[in-house]
Amino acid sequence: MSTTQPPTAIPNFIGGSWTRSQASECLEVRNPATAELLGYTPLSGAEDVDRAVRAAREAFPDWRSTPAIERARVLFRLKALLEREKPELAKSLTREHGKTLSESLGEIQRGIENVEHACGIPTLMMGDTLEDIAPGIDCETIRQPLGVFAVITPYNFPVMIPLWFWPYAVATGNTVVLKPSEQDPLTHQLVVELAVEAGLPPGVLNVVHGAREAVSAILEHPDIKGVSFVGSSETARFIYAKAAEHGKRVQALGGAKNHIIVLPDADLDLTTNAVVSSLFGSAGQRCLAGSVVVGVGEAYRPMRERLLDAASSLRLGYGLEEDADMGPVISRRHRERVIGYIHAGEQEGARLLLDGRGARVERYPEGNWIGPTVFEDVTPEMTIGKEEIFGPVAGIARASSLEAALSLVHRSRYGNAVSLFTTSGKAAREFRYRAGISMIGINIGVVAPMAFFPFGGSRGSFYGDLKAQGKDAIEFYTDKRVVISRW
Ligand code: NAD
């Protein structure tokens with residue numbers, strides 16, 4: 001719910017200064033476990049976005065001509081500072097997002113790895129050369145930055161996902177306007193402070209807080225050359241179309257409905273641990289979370305029993321306390337949405353084996369708690385079989401063969417990640433050949449590519465060509481210019 005912006009609302013960061021937003025309205029940021037009020041996000045509009053873009057545009061010429069090795073040194077210093085501050089960043093992240101402390105530490109580590117990878121920019125950004133493309137004529141490609149990029153990010157990894165993008169954008173010599181999620185923007189403010197301490201010059205990274213209005217202003221701004229976006233599929237598709245209409249490069253990563261297939265020859269101990277952590281880690285609020293587990297043939301029964309056992313023993317709690325295996329979901333509104341899906345599953349005929357709706361944590365009665373929830377007999381036609389729930393709600397389904405299981409995967413509109421559990425190399429090869437999904441796990445429950453590999457899905461989970469991280473990031477943030485010369 002929005003309220004009038006108080007003086008304590010978090011500031012934007014424009015041209016190297018912390019600046020009060022021009023917004024009149026703001027949103028409360030609350031700890032999802034304790035309901036404690038942590039801050040206010042101003043709902044900035046076009047005026048703030050324009051100021052940030054101007055600052056970024058002014059900073060571009062000097063930053064672009066700063067030697068790549070010097071730009072990399074800033075990132076080296078940032079990496080060291082992020083490591084120094086990791087424990088404090090993790091606490092802040094758990095407070096505003098709700099994930100457990102170990103999940104927060106894992107997220108920050110994955111973010112640091114992107115900074116680390118972007119430090120290789122002097123090599124990563126090199127072009128190609130060929131002499132004598134015709135007698136006495138040489139040809140080379142050089143990679144050049146384009147100017148100002150915008151980065152728009154979701155709530156579920158508020159430290160890591162901005163770091164999938166802006167370190168590469170600035171390493172390649174561009175400048176950036178970041179619009180973080182309005183739901184949990186606080187920890188990334190600390191990351192920006194560290195970037196300043198690392199020596200990132202004013203205007204190279206700017207932050208504008210807000211929601212739809214700020215995004216619209218970004219999409220329409222003539223001086224923004226490209227947009228990196230992560231969020232739900234509906235928004236990703238809109239961003240892709242709108243930004244393209246305004247002549248921008250776009251990479252828009254969307255939502256997911258990931259299947260996990262278990263074959264009868266799978267190692268059940270390894271499988272159960274991996275599957276349960278995929279389904280319920282971060283309370284199911286990961287784009288790589290497993291959502292439907294398909295037991296093939298005789299795998300079904302034992303998998304069902306073990307999964308239920310493990311899921312019912314997970315302890316809900318405040319992520320800063322040691323006994324918590326799973327935290328709350330982000331907001332009261334999101335809790336209601338997830339609970340709506342559980343009702344829909346019951347109404348559409350799925351069998352509820354474990355019901356998390358009544359879950360409570362006594363010490364924190366105001367938290368947005370939902371316990372692990374498991375449905376059986378989930379089909380692709382059901383709402384819970386086809387839509388992204390983004391909470392701790394798992395469906396299990398049966399299939400007679402790998403072929404039949406893959407046909408369930410292929411009926412989904414999403415295509416982010418898919419996993420197979422097996423001890424058969426032949427089945428694994430067949431699976432990876434035919435899965436048709438971008439991030440493929442074999443005996444891995446959460447298929448998260450590391451910083452030096454591309455991250456992004458297919459079908460309704462991704463709109464664009466070049467993904468996040470890896471070599472794709474360098475491609476996305478640079479233009480290859482071809483020089484042909486004769487002397
Ligand atoms: P969201 O789409 O609600 O918000 C993402 C960003 O878009 C936010 O910055 C928000 O302010 C902005 N936004 C939201 N609605 C908008 C609109 N109508 N117009 C313009 N801007 C808008 O997503 P979320 O709830 O913050 O995050 C969860 C979603 O992100 C899930 O669907 C999840 O699967 C997805 N996600 C995908 C990946 C991936 O790699 N594919 C990674 C993380 C999260």
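Both ligands and their constituent atoms are indexed starting at 1 by order of listing.
Closest protein heavy atom to atom 27 (O) of ligand 1: Pro154 CB, 3.2 Å. In this structure, atom 18 (N) of ligand 1 lies nearest to the protein heavy atom Arg212 NE, 3.4 Å. The closest protein non-hydrogen atom to atom 31 (C) of ligand 1 is Glu388 OE1, 3.5 Å. Atom 10 (C) of ligand 1 has as its closest protein heavy atom Glu182 OE1, 3.5 Å. Atom 28 (C) of ligand 1 has as its closest protein heavy atom Phe390 CE2, 3.5 Å.
Residue-level proximity to ligand 1 for Val230 is carried by backbone and side chain together, each with a heavy atom below 4.0 angstrom. If you look at Phe157 next to ligand 1, there are no close heavy atoms at all, none under 4.0 Å. Counting heavy atoms closer than 4.0 Å to ligand 1, residue Trp164 contributes side-chain atoms (C-beta onward) but none from N, CA, C or O. Contacts between Arg286 and ligand 1, counted as non-hydrogen atom pairs separated by less than 4.0 Å, are absent for every part of the residue. At a heavy-atom distance under 4.0 Å, only backbone atoms of Thr153 (N, CA, C or O) approach ligand 1.
Using a 4.0 Å cut-off between charged nitrogen and carboxylate oxygen, Arg315 and Asp325 count as a salt-bridge pair. Electrostatic pairing of Arg249 and Asp479 counts as a salt bridge here, judged by a charged N lying under 4.0 Å from a carboxylate O. A salt bridge links Arg143 to Glu475: one of the charged nitrogens lies within less than 4.0 Å of a carboxylate oxygen.
Set against the non-hydrogen atoms of Asn416, the atoms of ligand 1 under 4.0 Å away are 41 (N). Residue-ligand proximity, Leu253 to ligand 1, at heavy-atom distances under 4.0 Å covers atoms 39 (C), 40 (O), 41 (N). Residue-ligand proximity, Lys179 to ligand 1, at heavy-atom distances under 4.0 Å covers atoms 8 (C), 9 (O), 10 (C), 11 (O). Close approach to Phe455 involves these atoms of ligand 1, each under 4.0 Å from a residue heavy atom: 40 (O). Of all atoms in ligand 1, listed by their number and element, those nearer than 4.0 Å to a heavy atom of Val215 are 20 (C), 21 (N). Close contacts of ligand 1 with Thr235, meaning ligand atoms under 4.0 Å from a residue heavy atom, involve 2 (O), 13 (N), 14 (C), 15 (N), 16 (C), 17 (C), 21 (N), 22 (C). Shown in contact with Ala211 at under 4.0 Å from a heavy atom are these atoms of ligand 1, numbered in order with element: 11 (O). Atoms of ligand 1 lying under 4.0 Å from at least one heavy atom of Gly255, given by number and element, are 32 (O), 34 (O).
Contact between Leu408 and Pro380 at its shortest, heavy atoms only, is CD2-CG, 3.5 Å.
Using 4.0 Å as the threshold, Phe229 has a heavy atom nearer than that to some atom of ligand 1. The closest approach between any non-hydrogen atom of Ile161 and ligand 1 is below 4.0 Å.
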Pairs under 3.5 angstrom only: tabulate donor-acceptor contacts from the side chains of residues 183-191 to other protein residues two or more places apart or in another chain.
from	atom 1	to	atom 2	distance (Å)
Thr187	OG1	Ser92	OG	2.7
Thr187	OG1	Leu93	N	3.4
Thr187	OG1	Glu96	OE2	2.5
His188	ND1	Pro158	O	3.4
His188	NE2	Trp166	NE1	3.1
Gln189	OE1	His209	NE2	2.8
Gln189	NE2	Pro11	O	3.2

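Geometrically, ligand 1 and Tyr155 share a nitrogen or oxygen pair separated by less than 3.5 Å. Of the polar atoms of Asn156, none of the N or O atoms is found under 3.5 Å from an N or O of ligand 1, judged by distance alone.
When Met326, Glu107, Lys99 are each tested for a side-chain contact (heavy atoms from CB on, under 4.5 Å) with Ser282, only one passes: Lys99. Under the side-chain contact (heavy atoms from CB on, under 4.5 Å) test applied with Leu205, the options Val177, Val151, Val192, Thr175 reduce to a single match, Val192.
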Gln285 and Tyr155: CA distance, side-chain angles, deciding distance, side-chain hydrogen bond (donor to acceptor under 3.5 Å, both in side chains) verdict:
CA-CA 9 Å; Gln285 300 165 104; Tyr155 82 81; 2.8 Å; yes

Let me see the working for Arg110 and Met450 under side-chain contact (heavy atoms from CB on, under 4.5 Å), right down to the final yes or no.
CA-CA 7 Å; Arg110 284 297 181 117; Met450 289 189 75; 3.9 Å; yes

With side-chain contact (heavy atoms from CB on, under 4.5 Å) as the criterion, how do Asn114 and Gln469 come out once you've worked through the C-alpha distance, each side chain's angles and the decisive distance to 0.1 Å?
CA-CA 7 Å; Asn114 276 281; Gln469 307 189 148; 3.2 Å; yes

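The residue among Ser232, Pro180, Ser181 with a heavy atom at the shortest distance from atom 1 (P) of ligand 1 is Ser232. The option from Ala252, Gly457, Ser461, Gly254 that lies nearest to atom 41 (N) of ligand 1, judged by heavy atoms, is Gly254. Between the choices Ala256, Ala214, Gly231, the shortest heavy-atom distance to atom 35 (C) of ligand 1 belongs to Gly231. Ranked by closest heavy atom to atom 36 (N) of ligand 1, the top entry among Cys287, Pro185, Gly210 is Cys287.
His221 and Asp50 form a side-chain donor-acceptor contact under 3.5 Å, judged by distance and modelled atom types alone. In the model, Glu388 has no side-chain atom that pairs as donor or acceptor with a side-chain atom of Tyr414 under 3.5 Å.
The ring of Phe476 has its center closer than 6.0 angstrom to the ring center of Phe149. The six-membered or imidazole ring of Phe157 lies away from that of His97, with a centre-to-centre distance of 6.0 Å or more. Here the two rings, on Tyr364 and Tyr318, have centers that are under 6.0 Å apart.
Taking a distance limit of 4.0 Å, we find that atom 4 (O) of ligand 1 is approached by no protein heavy atom.
In terms of the ring-ring contact (aromatic ring centres under 6.0 Å, His included) criterion, Phe238 has no residue partners (sequence neighbours excluded).
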